[in-house]
Number of protein chains: 2
Amino acid sequence: MITAEQILRKQDLRGTACRKFIINGLLNNDKALSENELKGESPELFDRVTFYRTLITLEESGIIHKIVLNDNSVKYALNSHHHNENNLHSHFHCEECDEVLCLEGKTRFEAELPDKFVSHGVFVVIEGFCADCASHIK
Amino acid sequence: MITAEQILRKQDLRGTACRKFIINGLLNNDKALSENELKGESPELFDRVTFYRTLITLEESGIIHKIVLNDNSVKYALNSHHHNENNLHSHFHCEECDEVLCLEGKTRFEAELPDKFVSHGVFVVIEGFCADCASHIK
DNA sequence: ACATGTAATGCAACAATGTTGCAAATATAA
DNA sequence: TTATATTTGCAACATTGTTGCATTACATGT
Ligand SMILES: [Mn+2]
Ligand SMILES: [Mn+2]
Ligand SMILES: [Zn+2]
Ligand SMILES: [Zn+2]
């Protein structure tokens with residue numbers, strides 16, 4: 001099991017409390033988490049700005065990625081949770097419980113772009129019900 | 001050429017100034033527009049809250065749809081600009097000029113969802129350079 | 001054209017989130 | 001342990017989302 005310290009060291013980042021807190025939060029969870037979900041029980045543990053800047057640092061260093069949902073909310077997940085061969089990377093958002101997952105299964109995407117357009121990446125969010133909510137609601 | 005009034009009438013919505021202003025802004029443009037882009041020259045023409053509520057009304061009545069980009073910014077486009085047979089509907093966001101387009105070309109998307117998950121829709125945003133910016137930047 | 005009821009608007013106010021500058025605290029390497 | 005560069009917390013401000021309520025405008029029937 002890889003540790004937060006190892007992840008940070010690998011990117012030449014200092015092992016600060018806030019960074020370790022966020023990475024551990026994500027390591028202990030298979031879903032993507034919002035800033036408030038990460039803070040959890042201890043919302044005052046770190047300053048809001050520190051949290052904000054730390055998330056930027058972790059994203060820029062390639063440790064985490066951010067997922068922006070259609071309701072403007074934002075969640076974060078570890079990049080190490082993705083092991084897709086192809087670079088396409090999609091997410092599932094449950095409309096009922098608001099859970100967001102990184103999808104690891106096979107994904108195919110093709111779009112016909114206008115002439116001369118260049119694609120650098122694709123963001124995909126699938127909306128629907130997760131297994132729990134689907135059975136619940138029927 | 002369809003008019004804003006006709007679009008509103010068809011949805012049993014009153015033809016108010018703000019609604020017509022927004023719909024005309026989108027009719028005169030092939031790209032998706034942000035709230036500020038819509039306001040354009042006359043940012044004070046309508047109250048911020050009126051604009052906000054009007055966009056909600058137009059979206060709920062199915063006249064426009066909103067596109068949330070990965071930088072948390074939001075743009076809007078007319079649904080009548082979409083004539084895709086399939087219901088998959090994707091957007092292109094130019095990282096350079098920030099232009100957002102509704103893609104009308106053929107699009108294919110398939111994702112393998114976890115067991116029992118139910119999909120209700122997919123949001124796709126392709127990031128890259130538009131034709132102008134691609135040739136510009138080289 | 002006018003009155004009428006209903007729906008939309010503007011204003012005030014507040015919440016949530018994003019963003020910067022700067023001084024104090026901290027992590028690492030010598 | 002100390003030095004130095006980095007990170008943090010605080011204050012402050014910007015932007016956007018959101019609600020309640022009194023005023024105004026729209027569409028309909030007269
Ligand atoms: Mn992901
Ligand atoms: Mn569109
Ligand atoms: Zn769910
Ligand atoms: Zn461009």
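Protein chains get the first letters and strands the later ones, always in sequence-line order, with residue 1 at the start of each.
Taking atom CZ on A:Arg19 and atom P on D:dG9, their separation rounds to 12 Å, with Å as the unit. Straight-line distance from the NZ atom of B:Lys20 to the P atom of D:dA25: 14 Å, rounded to whole Å. Atom pair A:Asp12:CG and D:dA5:C1' shows a separation of 14 Å (rounding to whole Å applied). Atom CZ in B:Phe21 sits about 15 Å away from atom C1' in C:dT9, given to the nearest Å. Here C:dT17 presents its P atom at 13 Å from CG of A:Leu69, a figure rounded to the nearest Å. In this structure, A:Phe51 places its CZ atom 16 Å from P of C:dT19, rounding to the nearest Å. One atom, CG of B:Asn70, and another, P of C:dG18, lie 12 Å apart when rounded to the nearest Å. What separates CG of B:Leu45 from P of C:dC11 is a distance of 12 Å, to the nearest Å.
Taking each heavy atom of A:Asn70 and A:Glu127 in turn, the nearest pair found is CB-OE2, 4.2 Å. Minimum heavy-atom separation, A:Leu69 to B:Val68: O-CG1, 3.6 Å. Listed here is the closest heavy atom pair of B:Gln6 and B:Thr3: OE1-N, 2.8 Å.
An OP1 or OP2 oxygen of D:dT8 is reached within less than 4.0 angstrom by a side-chain nitrogen or oxygen of A:Thr54.
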Evaluate side-chain contact (heavy atoms from CB on, under 4.5 Å) for B:Asp132 paired with B:Cys97, printing each intermediate quantity in order. CA-CA 9 Å; B:Asp132 282 356; B:Cys97 67; over 6 Å; no
Shorter than 3.5 Å, N or O on both sides, protein versus nucleotides 16-19 of chain D: list them out with atom names.
| from | atom 1 | to | atom 2 | distance (Å) |
| --- | --- | --- | --- | --- |
| D:dG17 | N7 | B:Arg48 | NH1 | 3.0 |
| D:dG17 | O6 | B:Arg48 | NH2 | 2.6 |
| D:dT18 | OP2 | B:Tyr52 | OH | 2.7 |
| D:dT18 | O5' | B:Tyr52 | OH | 2.9 |
| D:dT18 | O4 | B:Arg48 | NH2 | 3.3 |

Tabulate atom names and distances for all N/O pairs under 3.5 angstrom spanning the protein and nucleotides 27-30 of chain D.
| from | atom 1 | to | atom 2 | distance (Å) |
| --- | --- | --- | --- | --- |
| D:dA27 | OP1 | B:Gly15 | N | 2.6 |

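Ring centers of B:Phe117 and A:Phe129: at least 6.0 Å apart, outside the cut-off. Ring-centre distance between A:His65 and A:His91: below the 6.0 Å cut-off.
Counting non-hydrogen atoms under 4.0 angstrom, B:Thr57 reaches nothing in the nucleic acid.
With salt bridges taken as basic N to acidic carboxylate O contacts below 4.0 Å, one links B:Glu35 and B:Lys39.
Judged purely by atom type and a 3.5 angstrom limit, B:Arg19 has no side-chain atom pairing as donor or acceptor with the backbone of B:Leu58.
Between D:dT8, C:dA8, D:dT7, one nucleotide has an atom nearer to the side chain of A:Cys18 than all others, and that is D:dT8.
For the side chain to side chain contact (heavy atoms under 4.5 Å, CB included) with A:Ile63, the qualifying choice from A:Ile23, A:Asn79, A:Leu26 is A:Ile23, the only one to do so.
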